Amino acid sequence: MPKNNVSQKSSKKSSPSGVSNFIRSCIFFLLVVLFASYIFNFYHTASHALETVPLSSVISRANDPNGNISKITVSGNELKITLKDKDYPTEKSLKDPSGTLYEQGLVDHCSDITNSEALASCKSSYPTIEYVESADVWGIIFDVALIVVPILAIVLFFSYMMRQAQTMNNQNIGFGKSKARLYGPDKKRITFKDVAGNESAKQDLQEIVDFLKHPKKYETLGAKIPRGVLLAGDPGTGKTLMARAVAGEANVPFFSISGSEFAEMFVGVGASRVRDLFQKAKKNAPSIIFIDEIDAVAHKRDARGGAGREDEQTLNQILVEMDGFDNESGVIVIAATNRVDMLDKALLRPGRFDRHVNVTLPERKDRLEILKVHFKNKPTAKDVDLDSLAAKTAGSAGADLANIANEAAIAAARKGVKEISNKEVTEAFERIAIGPERKSKVMNDHERKITAYHEAGHAIVGHVLPDSDPVHKVTIIPRGRTGGVTWFLPPEDRSYKNIYELKDILARAMGGRIAEKVIFGAEAITTGASSDLKHVSEISKEMILEEGMGTKTRNLVFPDNATGYYSITTEKPYSEKTAELIDEEVKNLAEEAAKRAEIILKSNKKVLDALANALLEKETLEEKDLEPILKSATLPDSAKNY
Ligand code: ADP
Ligand code: ZN
């Protein structure tokens with residue numbers, strides 16, 4: 001299984017947390033501003049160390065030659081007084097200065113003196129009065145800002161909150177009210193026709209449509225109508241679309257909410273929203289409630305320790321509501337998740353989400369159908385080859401394909417052309433499929449070819465070896481971290497494996513890398529086989545150390561630390577020479593497996609080519625497709641006696 005670092009697209013519906021981030025940063029900003037202004041204000045005041053004196057005392061001191069004032073600066077309704085002996089500014093606020101200081105009682109003692117010497121001495125006795133327009137422009141700006149900025153921040157914050165509340169109200173929401181969006185029958189109706197591919201999922205859901213349309217039919221026969229359906233599948237595979245199509249087909253209202261929205265909520269709000277949502281749905285029954293990303297509230301209770309109490313309340317409320325359904329309630333809950341493994345088991349119990357529908361990544365023919373759906377209403381030039389686009393997009397979800405179609409249309413519109421041509425489609429494909437975020441979602445042609453030969457190698461070696469299990473399915477669609485998969489089905493459960501079976505398993509595990517070597521040469525070794533090689537090394541070590549299956553060490557076992565037979569401090573219970581022998585035996589098994597695989601693949605090169613080509617074309621081959629190709633593969637004598 002070649003590794004291909006397939007990155008899982010993170011959930012695309014993360015906008016609710018964006019909103020809460022915005023609120024959080026607003027609050028943070030507000031706190032910073034308030035704190036900063038407090039600090040500033042504190043220093044501003046402290047640095048001046050002002051002494052306030054009454055105006056009358058300023059005037060009487062200014063009229064006194066020994067009053068010790070050298071200068072009075074008047075600025076607005078503030079006086080700055082400089083004393084003679086020290087530079088010690090003193091301020092006094094004039095509450096209502098009704099004119100100049102002279103009008104307030106200050107006397108100009110030096111006005112009548114003509115003698116210049118006497119005038120100078122007079123002036124040195126009495127303060128000079130200076131009027132300035134505005135003493136400290138920055139100070140005033142600062143003072144104003146000190147008041148205005150926090151107010152502005154508060155106003156902005158509240159207007160944001162109001163806007164939020166308003167949009168919520170438009171969707172019939174308040175705190176504690178369900179945030180569910182309603183797509184009534186009047187809204188653009190989506191049916192199964194809008195969902196391409198996914199035939200088996202559609203078939204499963206057709207039954208639900210029937211329940212909704214003809215509940216009486218089931219009631220009279222005493223059949224229990226299902227309450228919950230769980231749609232499981234990768235992000236963007238069309239789970240939401242499928243749920244809406246069920247509502248559209250049955251022509252019933254569709255209430256939708258996302259599990260991650262609950263995570264947003266204040267304590268206790270999640271549960272009350274659930275109550276409200278179910279109430280609304282029941283009022284409008286028959287109807288569908290769609291809970292997207294249910295894993296956000298329904299993760300295993302032990303998985304996060306005690307952290308998720310609010311989630312737990314929300315989840316409990318969902319369960320309580322579902323348990324309270326009676327057969328006539330006519331509400332079916334459809335939940336979607338891409339992490340079934342994470343879900344709380346309580347959710348999957350009978351009477352809850354007991355129907356599971358898998359929504360898989362589309363195979364090539366389904367990708368073509370999805371592309372057709374999304375290019376249907378777009379004027380497309382003749383040179384656009386959707387079939388080859390479908391071939392190139394292995395591993396892409398429906399959402400990716402819809403995205404390619406949309407991006408191509410946008411690019412064409414930007415260029416001002418009337419039709420989407422192959423150029424725009426290719427650009428869009430490259431942007432979306434091999435763009436920076438999802439680079440490894442799609443393999444390039446050469447990687448696909450390597451993967452096809454690699455998997456074909458596993459399949460052929462496994463098929464011809466007599467003691468290997470039958471090949472069940474081969475695919476080159478990347479899954480998780482692997483580039484492709486070859487499945488072998490054990491025909492029945494067995495507790496023991498014999499040495500021949502183990503050797504066959506080693507050889508077929510080697511088949512992947514050896515096929516690459518046979519086709520592309522020994523120097524073209526790729527990183528795609530590391531998990532195969534790990535497998536080989538584990539099995540061969542086990543055979544020698546634990547099962548006594550070595551040639552020279554037959555029936556001898558060599559327990560090691562890992563198996564816990566002797567403590568880490570004691571020496572190995574065998575000699576250095578035996579240790580070397582063990583290494584040699586393990587190495588022999590792996591080399592033998594590689595040699596066998598090589599003999600088999602070289603003598604079946606035609607089958608190898610045929611199988612690889614079939615995989616390149618169809619990507620996934622089931623038993624019935626494999627049979628006609630594999631049946632001409634043979635086991636050469638030289639690979640038999642091991
Ligand atoms: P999910 O809920 O599984 O994450 P969505 O239903 O939201 O995925 O799919 C996103 C979009 O991708 C859809 O609105 C649709 O345009 C497109 N899409 C996904 N799967 C299909 C499909 N099978 N057929 C047509 N369009 C699809
Ligand atoms: Zn492999």
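Index from 1, following the sequence. Ligands are counted one by one from 1 in listed order, and the atoms in each one are counted from 1 as well. These numbers were taken from a predicted model, which means no experiment stands behind them.
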For [X], atoms of ligand 1 separated by under 4.0 Å from a heavy atom:
X: Gly398; result: 12 (O), 17 (C), 18 (N), 19 (C), 20 (N)
X: Val195; result: 23 (N), 24 (N)
X: Ala402; result: 16 (O), 17 (C)

Practice task
Mark the output for His374 as yes if a heavy-atom distance to ligand 1 is under 4.0 Å, and as no if none is.
Solution key: yes
Handout entry: Close approach, Asp194 and ligand 1, non-hydrogen under 4.0 angstrom
Key = yes
Fill in the blank from the handout: Applying ring pair (Phe, Tyr, Trp, His ring centres under 6.0 Å) to Phe375 and not counting sequence neighbours gives none
Check whether any N or O atom of [X], backbone or side chain, sits under 3.5 Å from an N or O atom of ligand 1, and answer yes or no.
X: Lys239; value: yes
X: Ala196; value: yes
X: Gly236; value: yes

Problem - Arg227 bridged to Asp354 by N-O distance under 4.0 Å - result: no
Handout entry: Salt-bridge present (Arg596, Asp504; N to O < 4.0 Å)
Key = yes
Handout entry: Lys587, NZ atom: more than 12 neighbouring heavy atoms under 6.0 Å
Key = no
Exercise for the section: Please say whether more than 12 non-hydrogen atoms of neighbouring residues, nucleotides or ligands are located less than 6.0 Å from NZ in Lys378. Expected result: yes
Problem - Options Ala245, Ala336, Gly238, ranked by nearest heavy atom to atom 9 (O) of ligand 1, top entry - result: Gly238
Fill in the blank from the handout: Among Leu361, Asp292, Leu241, the residue with a heavy atom nearest to atom 21 (C) of ligand 1 is Leu241
Completion exercise
In short, Ile599 meets Pro636 closest at the heavy-atom pair CG2-CG, 3.7 Å
Handout entry: Pairs touching residues 503-527 that satisfy ring pair (Phe, Tyr, Trp, His ring centres under 6.0 Å), sequence neighbours left out
Key = His446-Phe520, Tyr453-Phe520
Handout entry: Centroid-centroid under 6.0 Å between Phe290 and Phe254 rings
Key = yes
Exercise for the section: Heavy-atom distances under 4.0 Å are what count here, so tell me which part of Thr240 touches ligand 1: side chain, backbone, both or neither. Expected result: both
